[in-house]
2 protein chains.
Amino acid sequence: MGGPRFEPVRTVRAYERVVEQVEEAIESGALAPGGRLPSERELMVQFSVSRSTVREALRVLQARGLVRSRPGDPNGAEVLPFTPAALHKSMTTLARVAELSLAELVQFRMVLDGSAILLAARLRTEEQLAEMSRAVEAMKAAAADDADGFGAADVAFHDAVARASGNKLIQVCTDVVRSIVLRLISDKIAGAPDREALMRRSVRHHEEVIAAVRAGDGPLAARLSKKAMYDYYAAYVPVNERAALRALLE
Amino acid sequence: MGGPRFEPVRTVRAYERVVEQVEEAIESGALAPGGRLPSERELMVQFSVSRSTVREALRVLQARGLVRSRPGDPNGAEVLPFTPAALHKSMTTLARVAELSLAELVQFRMVLDGSAILLAARLRTEEQLAEMSRAVEAMKAAAADDADGFGAADVAFHDAVARASGNKLIQVCTDVVRSIVLRLISDKIAGAPDREALMRRSVRHHEEVIAAVRAGDGPLAARLSKKAMYDYYAAYVPVNERAALRALLE
DNA sequence: CGACATTTGTACGTATGTATC
DNA sequence: CGATACATACGTACAAATGTC
């Protein structure tokens with residue numbers, strides 16, 4: 001009885017072996033951002049595969065945001081610094097294929113932003129607090145006549161909060177989900193008839209949030225932040241889905 | 001002045017055009033999961049590109065988890081049902097390349113799980129509550145002598161909670177981040193000397209959480225849930241990073 | 001600025017193993 | 001079992017792009 005336990009053989013494509021090895025080299029730090037891979041012809045020698053195989057591997061690595069190759073570049077493909085582009089892409093696909101509703105996306109933002117501001121209220125430095133303040137001031141200044149500036153300042157505020165939370169994962173996800181939401185409804189926001197009033201109310205909300213952060217009251221800041229986001233986006237969410245958003249407001 | 005506003009020309013590779021078109025067909029629903037793409041030879045005719053170009057495009061689509069192709073398959077590549085595999089991959093890469101700490105990952109789990117349980121407490125159905133209860137019972141039964149069964153039941157519980165939250169994005173992210181965390185420290189958990197005591201304490205915490213859910217007290221359930229996760233993972237987080245986790249406990 | 005070598009992007013042909021009928 | 005169609009992988013070839021002198 002017993003005997004050797006054989007495992008099913010998983011046939012693995014040649015290009016996958018190439019991808020694995022290059023990926024390993026990058027993630028282990030042996031290949032740093034800005035560094036170059038060998039040229040395609042050099043790679044086909046080192047891996048003893050054909051050029052098509054090398055190229056298929058490079059396409060996969062490129063799709064994952066790890067490298068970029070340009071025609072004619074005498075150096076090989078460039079190792080890229082990390083960007084959440086791949087995460088962004090897969091989450092966008094998720095949003096479309098899994099049919100994520102706007103309500104779910106906004107709810108996720110409320111969760112992330114609420115947590116980020118809670119953490120920021122407790123862990124922020126003075127410099128980070130000042131940065132948030134400047135962003136809110138910029139929102140206030142732009143609310144009257146500069147909708148684009150308002151949006152940019154709003155992004156800057158939430159980005160500063162996410163950074164102050166000290167959690168890079170929260171920061172990246174916040175960024176990704178926000179851009180997805182904005183792409184879904186930026187046209188509707190731009191066309192809102194009472195847009196200026198909305199911006200002014202948003203400024204007021206942000207001022208309340210930052211006051212709570214300054215006071216170090218994390219739970220209050222989180223509550224206010226979620227409420228502010230609800231007020232800003234609820235109008236674009238179907239009525240029967242708003243209850244799920246309100247469930248986050250305590 | 002003014003005149004037409006020209007946009008910078010972005011040279012776009014042939015394989016990218018192929019990817020775009022197929023992606024569009026899938027995301028729009030024209031190609032449903034289980035459906036088949038034309039064969040490679042057919043695709044090279046339809047797009048009037050070479051075989052290599054078609055194959056590079058297919059590699060990218062495969063890396064994004066949208067299709068799968070097998071050698072010899074008389075039909076073309078298969079359109080896959082959505083899986084968070086691509087999201088998982090890019091988040092794992094993020095964790096390695098951006099050097100996410102275990103503390104950040106656990107903190108993110110606390111945020112997601114806390115929010116999921118808050119929502120679940122308010123939106124759950126009776127059937128979902130029963131499912132969570134069964135999972136906790138299974139944890140209790142396995143705590144004495146079946147560590148693998150305990151882990152599986154624990155996953156089942158958190159998965160049931162995430163589903164009951166009604167937010168698919170929370171569900172997917174919970175799943176992805178949990179598996180990343182487990183891969184990082186499963187060996188340490190398996191080697192813990194007081195493992196049985198840890199499991200028993202975890203069961204107690206889960207029972208408290210589910211009691212709060214049953215009572216419909218979302219904020220309490222969220223607090224307990226975050227506390228439970230902190231107690232379970234804090235030992236594996238460097239001492240000087242634990243404060244960031246405690247900042248989430250109110 | 002232009003000539004040059006190198007590299008990538010793309011195309012085409014071929015051989016081989018495999019899945020389906 | 002054989003026939004057929006397919007994906008995988010290899011090799012070659014040429015045009016376009018890039019960096020260098």
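Atoms considered below: every heavy atom in the structure, side chains included; atoms not considered: hydrogens, waters and symmetry mates. Not measured: the values here are computed from a predicted model. Chain naming here is simple, since letters A, B, ... match the order of the sequence lines and numbering starts at 1 in each.
Across residues 65-78 of chain B, B:Arg70, B:Pro71, B:Gly72, B:Pro74 each have a non-hydrogen atom less than 4.0 Å from an atom of DNA chain C (numbered order). DNA chain D is contacted by B:Ser39 of residues 30-39 of chain B, taking any non-hydrogen atom closer than 4.0 Å.
Checked against salt bridge (charged side-chain N to carboxylate O under 4.0 Å, His left out), B:Glu241 has no partners two or more places apart in sequence or in another chain. In terms of the salt bridge (charged side-chain N to carboxylate O under 4.0 Å, His left out) criterion, A:Arg13 has no residue partners (sequence neighbours excluded). Annotation: ring pair (Phe, Tyr, Trp, His ring centres under 6.0 Å) contacts of A:His206 (sequence neighbours excluded): A:Phe157, A:His158. With sequence neighbours left out, the side chain to side chain contact (heavy atoms under 4.5 Å, CB included) criterion links A:Val172 to A:Pro84, A:Leu87, A:Val176, B:Leu94. Legend: residues meeting salt bridge (charged side-chain N to carboxylate O under 4.0 Å, His left out) with A:Asp175, ordered by chain and number and at least two apart, are A:Arg178. Scored by the side-chain hydrogen bond (donor to acceptor under 3.5 Å, both in side chains) test, B:Ser133 finds B:Arg214 as partners (sequence neighbours excluded). In this view, B:Arg195 satisfies the salt bridge (charged side-chain N to carboxylate O under 4.0 Å, His left out) rule with no residue, not counting sequence neighbours. Every residue two or more places apart in sequence or in another chain that forms a side-chain hydrogen bond (donor to acceptor under 3.5 Å, both in side chains) with A:Tyr233 is listed here: A:Arg109. In this structure B:Ser28 satisfies the side-chain hydrogen bond (donor to acceptor under 3.5 Å, both in side chains) test with no other residue, sequence neighbours excluded.
Counting only heavy atoms from C-beta on, B:Ala14 has its side chain closest to C:dT10 among C:dC12, C:dT10, C:dG9.
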Note to self: I'd like to know whether A:Lys168 forms a salt bridge (Lys or Arg N to Asp or Glu O under 4.0 Å) with B:Glu99, so could you lay out the CA-CA distance, the side-chain angles of the two residues, the decisive distance to 0.1 Å, and finally the verdict.
What the structure shows: CA-CA 9 Å; A:Lys168 289 192 287 287; B:Glu99 293 177 334; over 6 Å; no
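If you check every strand for non-hydrogen atoms under 4.0 Å, B:Arg41 touches a base. A:Glu40 comes within 4.0 angstrom of the backbone, heavy atoms only, and of no base.
Mapping B:Arg55 and B:Ser52 onto DNA chain D via the closest heavy atom, the residue that lands nearer the 5' end is B:Arg55.
In this structure, the OH atom of B:Tyr15 is 8 Å from the P atom of C:dT10, given to the nearest Å. Taking atom CE of B:Met44 as the reference point, atom P of C:dA11 lies 9 Å away to the nearest angstrom.
Taking 4.0 Å as the cutoff to heavy atoms of chain A, we find the contact window on DNA chain D bounded by D:dT8 to D:dG19.
Between A:Glu23 and B:Lys89 there is a salt bridge, with a side-chain nitrogen of the basic residue lying less than 4.0 Å from a carboxylate oxygen of the acidic one.
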